[in-house]
Enquirer: 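Attaching a single structure in structure tokens format; questions to follow.
Residue numbering restarts at 1 for every chain, and letters A, B, ... go by the order of the sequence lines.
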Amino acid sequence: MERDDIIEYSLDAHHDEEHGKKIRKKIYFVTVLLSVVTVVEVLLGVFGIRALHLPWELIKWTFIILTIVKAGYIVLVFMHLGDERKSFKWTILAPYSLFILYLIFICLKEAMVMYDLRYLFGWN
Amino acid sequence: MSGEASQSIETKVLWGGGRSPFSISYGKMMMWFFLISDALTFGGLLTSLGFYKHKYGDLWPVSEDVFNAFPFLGEGYPLMYVALMTFILIISSVTMVLAVEAGHRMDKKGVILWLALTVVGGFFFVGSQAWEWYHYIHGSEHGAYVVNNDVRLSDGRVVGATTVVHVAKVEDGHLHFFKELEEAGESGGVKLPYRPAPGEDPVLVRGEDAHKLLAASTHIHGANLSRNEYGHPLYADFFFFVTGFHGFHVFSGVVINIIILIGVVLGTYHKRGHYEMVEKVGLYWHFVDLVWVFVFTFYYLL
């Protein structure tokens, strides 16, 4: 029986030099973007509260949004998930996002209640 | 970009359904499913970090105070070293995607160059992490006092057990703190926050109170799984577990990259007619970078 891991399914598996140039350009663009976002995050972390006196909620949500932007570029461009079929893309992304968002919601909700209980009853 | 329509697949290699629903090879799909399960593990770790961070919000340190050292330069460089590590990992992710691109052009020399650089970047990252662990376990110059049981100060305020007190110096029996003491809201107790209000002086604890506080405390340097000079012990536990588990992934990624690099040099994939193996280990390597992006935000920044 023939090994099916040797068979190529994706159209993107081979390309010529000209197409490669376009792809490399995109890679360099994403590189610069990821680096700039990281620098912005570090500057915001170091100077955001103590020097610029920005509200913590604003800084926190900026961090979260920038992280999701970075993750999106890594997954969709570097990991080529954006080039896969739509059905495959959502098979990967949708169940995971749904589960993890619920987990985050339920855990943080519970933790905030436990924080209050520590003060109300002196629990550890 | 639909692969299936323009690429004919031999009938004998198709599964029973007769067509490949995702138009993706078996190996790549299984790598994605493995990454999903791995992402759930990391998601669980980071969510539990969030849980304890919210539960012990008042005892949780601010990471830019903890991670402010740089090799050879000493302290006073908040988050710079972590930022450098992040940058190294991003760049090694870029060299990996360039290796994959070279593979698509069947450019063997290009694949060797970029994959080798990826391995070098991975070693740099693992080495950086080793230094950070060493520094974290070793501890800061002054160390800290961990309060063993509740201490009632003469003005009625209470310093709770497990509070970590950073003392800058003991002078004439008074304690000079790095951080101010702040009155807690509803309980009337005293918290030692790690984020002093801008421009405020460190608070002094005087005479007998200072004595009481020191008598009830243990002086420690650095951190391990049960005690931590930087703050709540769980903060150290999560440092070791999250960065340790990620570092293990980086290390195994480097090993797998080396194995594939040997295959590329031997010409195994060139003979096969495509470099999909490079693409598959590339997926794993990008995933390691992806996880670090989240660790960086949720452990070091938030």
Enquirer: Is the shortest distance from a Lys or Arg side-chain nitrogen in Glu101(B) or Lys22(A) to a carboxylate oxygen in the other one below 4.0 Å?
Expert: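 Result for this pair is no, no salt bridge flagged.
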Enquirer: Taking side chain as everything from C-beta outward and backbone as N, CA, C, O, which of these in Phe51(B) sits under 4.5 Å from a heavy atom of chain A? Side chain, backbone, both or neither.
Expert: both
Enquirer: For the interface with chain B, which of Leu103(A), Ile68(A), Val113(A), Ile100(A) has the highest count of heavy-atom pairs at distances below 4.5 Å?
Expert: Leu103(A)
Enquirer: Looking only at heavy atoms, which two atoms of Val281(B) and Val278(B) are closest? And how far apart?
Expert: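 Here Val281(B) and Val278(B) meet closest at CG2-O, 3.3 Å.
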Enquirer: So which of Lys280(B), Arg105(B), His270(B) actually passes side chain to side chain donor-acceptor pair (under 3.5 Å) with Tyr275(B)?
Expert: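 With Tyr275(B) as partner, side chain to side chain donor-acceptor pair (under 3.5 Å) holds for just one option, His270(B).
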Enquirer: Does either side chain, that of His274(B) or that of Glu279(B), offer a donor lying less than 3.5 Å from an acceptor on the other one?
Expert: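 No donor-acceptor contact under 3.5 Å links the two side chains.
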Enquirer: Out of Phe33(B), Phe298(B), Trp285(B), Phe296(B), return the one with the most heavy atom pairs under 4.5 angstrom to chain A.
Expert: Phe296(B)
Enquirer: With ring-ring contact (aromatic ring centres under 6.0 Å, His included) as the criterion, how do Tyr299(B) and Tyr235(B) come out once you've worked through the C-alpha distance, each side chain's angles and the decisive distance to 0.1 Å?
Expert: CA-CA 9 Å; Tyr299(B) 189 83; Tyr235(B) 182 80; 5.0 Å; yes
Enquirer: At a 4.5 Å cut-off on heavy atoms, which part of Met30(B) comes close to chain A: side chain, backbone, both, or neither?
Expert: neither
Enquirer: Counting heavy-atom pairs closer than 4.5 Å to chain A, which one of His54(B), Lys53(B), Met96(B) comes out on top?
Expert: His54(B)
Enquirer: Can we say Glu18(A) and Lys21(A) salt-bridge, meaning some charged N sits less than 4.0 Å from an Asp/Glu carboxylate O?
Expert: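 Salt bridge flag = no for Lys21(A) with Glu18(A).
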Enquirer: Side chain, backbone, both or neither: which part of Leu46(B) has a heavy atom under 4.5 Å from chain A?
Expert: neither
Enquirer: Chain B heavy atoms under 4.5 Å from Ile104(A): which part of the residue, side chain, backbone, both or neither?
Expert: both
Enquirer: Taking every non-hydrogen pair under 4.5 Å, which of Leu79(B), Val97(B), Ile90(B), Asn68(B) racks up the most with chain A?
Expert: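 Heavy-atom pairs under 4.5 Å are most numerous for Val97(B).
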Enquirer: With a 4.5 angstrom heavy-atom cut-off, which part of Tyr96(A) approaches chain B: side chain, backbone, both or neither?
Expert: side chain
Enquirer: Taking the ring of Phe294(B) and the ring of Phe42(B), is the distance between their centroids below 6.0 Å?
Expert: no
Enquirer: Which one of Leu84(B), Val82(B), Thr86(B) satisfies the side-chain contact (heavy atoms from CB on, under 4.5 Å) criterion with Thr38(A)?
Expert: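 The residue from Leu84(B), Val82(B), Thr86(B) that satisfies side-chain contact (heavy atoms from CB on, under 4.5 Å) with Thr38(A) turns out to be Thr86(B).
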Enquirer: For the candidates Met114(A), Lys86(A), Met79(A), which exhibits the highest count of non-hydrogen atom pairs separated by less than 4.5 Å from chain B?
Expert: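 The residue among Met114(A), Lys86(A), Met79(A) with the greatest pair count is Met79(A).
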Enquirer: Of the backbone (N, CA, C, O) and the side chain (C-beta and beyond), which part of Val100(B) lies under 4.5 Å from a heavy atom of chain A, both, or neither?
Expert: side chain
Enquirer: For chain A, find which of Ile91(B), Leu35(B), Leu98(B), Asp107(B) contributes the most heavy-atom pairs closer than 4.5 angstrom.
Expert: Leu98(B)
Enquirer: Is Ile27(A) in contact with chain B via its backbone, its side chain, both, or neither, using a 4.5 Å heavy-atom distance?
Expert: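 The answer is the side chain of Ile27(A).
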Enquirer: Can you tell me how the ring of Phe125(B) sits relative to the ring of Trp292(B), calling it parallel under 30°, perpendicular over 60° and tilted otherwise?
Expert: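 Judged by the thresholds at 30° and 60°, the geometry between Phe125(B) and Trp292(B) is perpendicular.
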